[in-house]
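One structure below.
In what follows, chains are A, B, ... by sequence order, proteins preceding strands, each numbered from 1. Values reported hereafter were calculated over all heavy atoms of this structure, with side chains retained and with hydrogens, waters and symmetry mates removed. For clarity, every value in this text was computed on a predicted model and none was experimentally measured.
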Amino acid sequence: MTSRPNIPVRVRFAPSPTGNLHLGGARTALFNFLFARHHGGVMLLRIEDTDRERSTEAAIAAILDGMRWLDLTWDEGPVFQTSRLDRYRDLALDLIARGHAYRCVCTPDELEERRKDAQAKGLPPRYDGRCRDRKISADTPHVVRFRNIPDQIVAFDDLIRGPLSFDSGLLDDLVILRTDGMPTYNFAVVVDDADMKITHVIRGDDHINNTPRQIPIFRALGADIPDFAHLPMIFGSDRTKLSKRHGATSVMAYREMGYLPHALANYLVRLGWSHKDQEIFTREELIAHFDLDHVGSSPSVFNPEKLLWLNAHYIKNASDTVLSPLVSELLPPLSEPLPQATDPDHRVRVVSLLKGRAKTLLELAEFSLPYLDRSLAIDPVAREKALGPESVFILEPIFVALSSLPEWSADPIKNVFTQIGEALNKKLGELAQPVRVALTGKTVSPGIFDVLMLAGREISLVRIEAALALARTPFSVTSSSPTGKDLS
RNA sequence: GGUCCCAUCGUCUAGUGGCCUAGGACGCUGGCCUCUCACGCCGGAAACACGGGUUCGAACCCCGUUGGGACCA
């Protein structure tokens, strides 16, 4: 709960545009979003681009794309820190004028040397305050340092961790403005959070040590200090901070791998937050239930398998008409498109039949191919299993009976299988398997009647006939080429 | 090295002093369903890091130990 019930909630998501939106950042954005929505507040997007070396336009675009894809809307911004440089300089000057900050002309080399000396003597490697009381002209190249007040306990009540306190004596006289006039991270953040009237700072755990540096700056600025909530980290399977080497970590990589945005968001929200035993949440439920009280304080390990399960669940429950265009986007180019491949209704039916088996949209796209493309790749193992010489005795009568069917619909097709099954004294499974491989190239597919219906009369018969030809041809998995493709 | 954080099944977690013989989910696994594979359904194995306190009573509160991590250098 918030400690300021009467003031509207204002939160911000403040990424540095140095790369893609990664999973940790996405979860931070998500929690901010849900917190703002839950409280009917405002979410601001701020791009912390003062590190000009590492910030790129591409990264800015990637972050915005990632947020839009995840359906995380913001109410204000994006505000760019580089558009506020004058403001930081003005306030730094103001702090100097009021004695909270001072100019420092110590060079990096000098500082490095002193740091080494201090370490050699077993002292903490901090700035020694040499320039604190010098009168340094604004004309000489200098940095601006914040005057730390020693022998103080900086305490705050973290909304997730509870009371936290730090000894200010251990803090440095932080540089707030570099020689080139650019603000440092800790200064720009505080100026912005103060100016933008942020009420709750919800951010990653990695900033927890920054908080006691920032609080004195809020005070010196005469600004209200927001509430802080530090989210636990997301680890990779080796329990270190999630990074590239743990595999895909960018949000957009999951889009490319065929994940649904709400599945990813649902997975991410359960990393650290819980609502009793509930695993699946609609967006409305998340907004209704989300709170900081039920955010845990221990880090969590990213588990791709659970995400995959959630994705499968979301695919299974998504509407066919929503799914179909998403699948089409991920479809590889068709070599010989069937006439019905361009029919949107046909594509919807394909998705409808297959979605229960797919864990990703990419899989769904792959499963769709036999119903959209004339050319068919037959899996060699499937061929060996189901299209051996003995399958001729099954495929032959089925082909004949299906060919003479006056009407291509479910009941007559079923009757064909029933009758042939009785005649040959074979169970449906034994009949279905060769036909399945003939039509889909795989031993796994939806029910055989559904497959026949969806493939349609013409392509079904063509493929069964082709399979018959194959079944009559000697075949060895080991000796021939692995792709028994392009039969049609 | 300094500062800080964290600790329930392999993983995500429920649990806020008695409802805990510790619940749910993923994964694993046995079975049912079944034309294959999934889905679904029913079942199983699997955890309170350790040691001290406090208390009539502790997964839950306190201290320590151990282990892990983050930040700064």
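Counting any heavy atom pair closer than 4.0 Å across all strands shown, A:Pro446 reaches a base atom. Nucleic acid contact for A:Phe166: sugar-phosphate only, since backbone atoms but no base atoms lie under 4.0 Å from a heavy atom of the residue. Residue A:Leu164 is in sugar-phosphate contact alone, with no base atom involved, counting any heavy-atom pair closer than 4.0 Å across all strands shown. Note on A:Gly272: only backbone sugar-phosphate atoms sit closer than 4.0 angstrom, heavy atoms only; bases stay farther off.
Under 3.5 Å, the side chains of A:Gln81 and A:Asp49 contain no donor-acceptor pair of N or O atoms.
Separating the NE2 atom of A:His313 from the P atom of B:G40 is a distance of 9 Å, rounded to the nearest angstrom. Atom pair A:Phe302:CZ and B:C26:P shows a separation of 17 Å (rounding to whole Å applied). Distance, A:Leu439 CG to B:C35 P: 19 Å, rounded to whole Å. Residue A:Ile153 contributes atom CD1, which lies 10 Å from atom P of B:C4 at whole-angstrom precision. One atom, CG of A:Asp238, and another, P of B:A70, lie 9 Å apart when rounded to the nearest Å. If you take CD1 of A:Ile280 and P of B:C12, they are 18 Å apart, rounded to a whole angstrom. Put simply, CZ on A:Arg203 is 14 Å from C1' on B:C4, counting in whole angstrom units. A:Lys316 places its NZ atom 17 Å from the P atom of B:C37, with the value rounded to the nearest Å.
For A:Trp309, taking side-chain heavy atoms from C-beta onward, the closest of the listed nucleotides B:C5, B:C26, B:U36 is B:C26. In this structure, of B:G40, B:C26, B:G24, it is B:C26 that holds the atom nearest to the side chain of A:Asn303. Considering only side-chain atoms of A:Ser298, the nucleotide from B:C6, B:C35, B:A70 that sits closest is B:C6. Taking the side chain of A:Glu279 as heavy atoms from C-beta on, and the options B:A25, B:A70, B:C6, the nearest nucleotide is B:A25. Checked against B:G24, B:U13, B:U36, the side chain of A:Lys306 finds its nearest nucleotide in B:G24. Here B:C71 is the nucleotide among B:A14, B:U3, B:C71 with the atom lying nearest to any side-chain atom of A:Asp206. Residue A:Leu428 has its side chain nearest to B:C35 when only B:C35, B:C5, B:C26 are considered. In this structure, of B:C12, B:C35, B:A14, it is B:C12 that holds the atom nearest to the side chain of A:Leu271. When the nucleotides B:G15, B:G27, B:C6 are ranked by their closest atom to the side chain of A:His294, B:G15 comes out on top. For A:Ser297, whose side chain is taken as the heavy atoms from C-beta onward, the closest listed nucleotide among B:G24, B:U11, B:C6 is B:C6.
Panel note: side chain A:Ser274, backbone A:Arg270; no donor-acceptor pair is recorded below 3.5 Å. The backbone N or O of A:Asp173 sits less than 3.5 Å from a side-chain atom of A:Arg145, completing a donor-acceptor pair.
Taking atom P in both B:C9 and B:A14, the straight-line distance is 12 Å, to the nearest Å. For the C1' atoms, the distance linking B:C19 with B:C33 amounts to 37 Å, nearest Å. Going from the C1' atom of B:G24 to that of B:C62 covers 31 Å, rounded to whole Å. Straight-line distance between the P atoms of B:C61 and B:A7: roughly 10 Å, to the nearest whole Å. Between B:A45 and B:A22, the distance separating the two P atoms is 11 Å to the nearest Å. Spacing of C1' atoms, B:C41 relative to B:U34, comes out at 13 Å, to the nearest Å. B:U29 and B:U54 have their P atoms separated by 48 Å, with the value rounded to a whole Å. One P atom belongs to B:C28, the other to B:G64, and the distance between them is 42 Å to the nearest Å.
Not a single donor-acceptor contact under 3.5 angstrom links the side-chain atoms of A:Arg357 to the base of B:C39.
When the nearest nucleotides of RNA chain B are assigned to A:Phe235 and A:Thr443 by heavy-atom distance, the more 5′-ward of the two goes with A:Thr443. Each of A:Lys427 and A:Arg161 has a nearest nucleotide on RNA chain B; the 5'-most of these lies closest to A:Arg161.
Residue A:Arg54 places its CZ atom among 12 or fewer non-hydrogen atoms of other residues, nucleotides or ligands, all under 6.0 Å distant. The number of heavy-atom neighbours closer than 6.0 Å to CG of A:Asp238, taken from other residues, nucleotides and ligands shown, is above 12.
Ring centroid separation for the pair A:Phe281 and A:Trp273 comes in under the 6.0 Å cut-off. Ring pair A:Tyr267/A:Tyr259: centre-to-centre distance not below 6.0 Å.
Ring orientation note: the planes of A:Phe146 and A:His100 are close to parallel, at an angle under 30° on the 30°/60° scale.
Remark: B:C19 base-pairs with no nucleotide; criterion is Watson-Crick or G-U wobble with both hydrogen-bond distances under 3.5 Å. Remark: B:U65 base-pairs with B:A49; criterion is Watson-Crick or G-U wobble with both hydrogen-bond distances under 3.5 Å. Both distances falling under 3.5 Å, in either a Watson-Crick or a G-U wobble arrangement, occur for no nucleotide opposite B:C35. Base pairing annotation: B:C9 forms no Watson-Crick or G-U wobble pair, as no partner gives both donor-acceptor distances under 3.5 Å. Base pairing of B:C71: its partner is B:G2, meeting the Watson-Crick or G-U wobble criterion (both donor-acceptor distances under 3.5 Å).
For B:U36, the OP1/OP2 oxygens have no side-chain nitrogen or oxygen of A:Ser445 closer than 4.0 Å.
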